[in-house]
A.B. asks: 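Quick one: the structure is below, and I'll ask about it shortly.
The analysis underlying the following values was restricted to heavy atoms, covering all of them including side chains, and did not include hydrogens, waters or symmetry mates. Each chain gets a letter, A, B and so on, in the order its sequence line appears, and its residues count up from 1.
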Protein chains: 2
Amino acid sequence: MSASVLPRPETESPKRQAVLDAAADLFIAQGYGAVSMDAIARAANVSKATLYAYFRSKDQLFATIITEACQANLDWETVLPAHGQDVRAALTGFGRRMLGFVLHGRALAIHRVVLAESVRFPELGRAFYDGGPATARTLVASWLAEQASAGRLRIPDPEVAAEQLMALLRAGLHLRALLGVPPAPSEAGIDAAVAAAVATFLAAYGDGV
Amino acid sequence: MSASVLPRPETESPKRQAVLDAAADLFIAQGYGAVSMDAIARAANVSKATLYAYFRSKDQLFATIITEACQANLDWETVLPAHGQDVRAALTGFGRRMLGFVLHGRALAIHRVVLAESVRFPELGRAFYDGGPATARTLVASWLAEQASAGRLRIPDPEVAAEQLMALLRAGLHLRALLGVPPAPSEAGIDAAVAAAVATFLAAYGDGV
DNA sequence: GTCTATAGAAGGATAGAC
DNA sequence: GTCTATCCTTCTATAGAC
């Protein structure tokens with residue numbers, strides 16, 4: 001359909017991939033404004049002309065990189081609570097995996113960059129939200145609904161409960177990590193935060209466990 | 001004490017104030033990278049030389065502006081729950097006031113800018129956290145402790161409970177607003193979010209209300 | 001496709017007159 | 001203190017050779 005002048009994205013070009021990799025690392029680590037096309041070309045070991053042969057502009061390269069980074073963020077299925085388990089244990093496992101993901105360096109960096117540029121690139125806010133929090137909420141909500149059907153939880157509104165569960169898990173830890181306010185999150189800190197969040201969630205939604 | 005070459009910050013200079021005002025609006029709205037010293041000078045109706053007479057560099061001007069914006073953020077005392085009130089009503093009022101603040105345009109913009117630049121300017125992350133979330137948490141925690149002493153709530157750890165209360169209030173609304181994902185927060189949406197948060201909080205920490 | 005070289009604009013910061 | 005004018009660097013993007 002599209003007779004674009006640019007090479008097809010599907011084409012496996014090593015140079016193109018090198019540009020994507022280098023640009024992703026730089027943009028995610030330093031943001032849009034702090035990274036120049038020179039720096040990207042240098043890091044990818046190509047000339048700027050080659051870079052511009054594959055990508056129309058800095059804006060387009062940035063949007064491409066970040067949009068993809070938002071989608072390839074995580075396989076949420078592996079993070080979700082298990083099914084045949086004690087509810088508290090299942091929630092605790094989910095909480096640990098979720099925090100282990102959202103508190104790690106690259107996820108934090110993507111989060112920062114998307115927030116920073118969501119005004120100038122509104123589609124990035126959308127891509128991040130849909131590929132991350134929204135997907136997670138939907139999956140968690142349906143898991144909670146199952147548990148409610150099985151009589152193990154009392155959940156009036158699974159979407160709201162899912163949002164609240166994830167909010168409780170993030171609580172203060174996530175913001176501090178995003179801002180770089182010490183102490184850096186540790187395994188022990190994560191476990192404590194998860195335990196507190198799960199305790200509160202079950203006190204509100206548990207079926208008298 | 002300081003025999004600085006720069007004019008004293010305390011000195012009431014109209015030009016200096018004009019620069020501060022213009023720079024604050026621009027930096028907060030567009031971030032560090034998207035704003036040039038030319039643009040600031042133009043918006044403040046001064047020359048660049050004057051601008052540099054008051055501020056050593058773009059970095060210093062930016063840090064000054066954002067640090068101050070973080071401190072002058074809010075008078076939390078007026079947002080805190082009232083004392084002689086029904087607990088649910090007090091929490092609901094607090095929730096509405098808190099969300100009314102953190103969801104409004106300027107607060108969101110500051111939040112975005114600080115997150116974006118907290119890597120390059122770590123002191124900003126600290127200033128924001130201390131002047132905002134940390135202060136709020138401490139005040140809320142002491143209010144919760146009072147209520148617990150009065151037998152109206154059961155709070156094992158007031159700091160944790162305060163963090164959880166604020167997390168429940170923000171839940172999904174805050175992130176969506178930061179990312180610019182529609183729908184924009186409305187009065188009705190805020191009220192619903194507050195009601196859901198307070199219900200969950202009281203289910204977990206209430207004394208059988 | 002890929003490079004070197006460069007155009008053309010904009011950026012941060014300063015010199016020197018008043 | 002304040003301005004105009006300018007320096008030097010860096011930036012995005014492209015032209016032209018191979």
A.B. asks: N/O contacts under 3.5 Å, protein versus nucleotides 9-11 of chain C?
C.D. replies:
none

A.B. asks: Tell me the interatomic distance from B:L51, atom CG, to D:dG1, atom P, rounded to whole angstroms.
C.D. replies: 14 Å
A.B. asks: A:D59 CG to D:dC11 P: how many Å, rounded?
C.D. replies: 16 Å
A.B. asks: For C:dC3 and A:T50 - does any side-chain N or O of the residue sit under 4.0 Å from the phosphate oxygens OP1/OP2?
C.D. replies: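 Indeed, a polar side-chain atom of A:T50 lies that close.
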A.B. asks: Under 4.0 Å from OP1 or OP2 of C:dT14: is there any side-chain N or O of B:Y52 that close?
C.D. replies: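 No, outside the criterion.
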A.B. asks: I'd like to know if the side chain of B:T50 pairs up with that of B:S47 as donor and acceptor (distance under 3.5 Å, no hydrogens or angles considered).
C.D. replies: yes
A.B. asks: Indicate whether the side chain of B:S57 and that of B:Y52 have a donor and an acceptor atom separated by less than 3.5 Å.
C.D. replies: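 The criterion, which ignores hydrogens and geometry beyond distance, is not satisfied for B:Y52 and B:S57.
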A.B. asks: Is the backbone of B:A184 close enough, under 3.5 Å, to the side chain of B:R176 for a donor and an acceptor to pair up by distance?
C.D. replies: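 Checking the backbone N and O of B:A184 against the side chain of B:R176, no donor-acceptor pair under 3.5 Å is found.
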A.B. asks: When the distance from CG of A:N45 to C1' of C:dT2 is rounded to whole Å, what number comes out?
C.D. replies: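 Result: 13 Å.
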A.B. asks: Roughly, in whole Å, what's the span from CD in A:Q60 to P in D:dT12?
C.D. replies: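 Atom-to-atom, A:Q60 to D:dT12, this comes out as 15 Å.
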A.B. asks: So, A:E123 and A:R126, do they make that salt bridge, N to O below 4.0 Å?
C.D. replies: no
A.B. asks: Do any side-chain nitrogens or oxygens of B:Y54 fall under 4.0 Å of OP1 or OP2 in D:dT2?
C.D. replies: yes
A.B. asks: Tell me whether B:K15 forms a cation-pi arrangement with B:Y54, defined as NZ or CZ under 6.0 Å from the six-membered ring centre and within 45 degrees of its axis.
C.D. replies: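 Judged by the rule, B:K15 and B:Y54 form no cation-pi pair.
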A.B. asks: So that I can tick it off, tell me whether B:R16 and B:D21 are bridged by a salt bridge, with the cut-off set at under 4.0 angstrom between side-chain N and carboxylate O.
C.D. replies: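 Between B:R16 and B:D21 there is no salt bridge, as every charged N stays at least 4.0 Å from the carboxylate O atoms.
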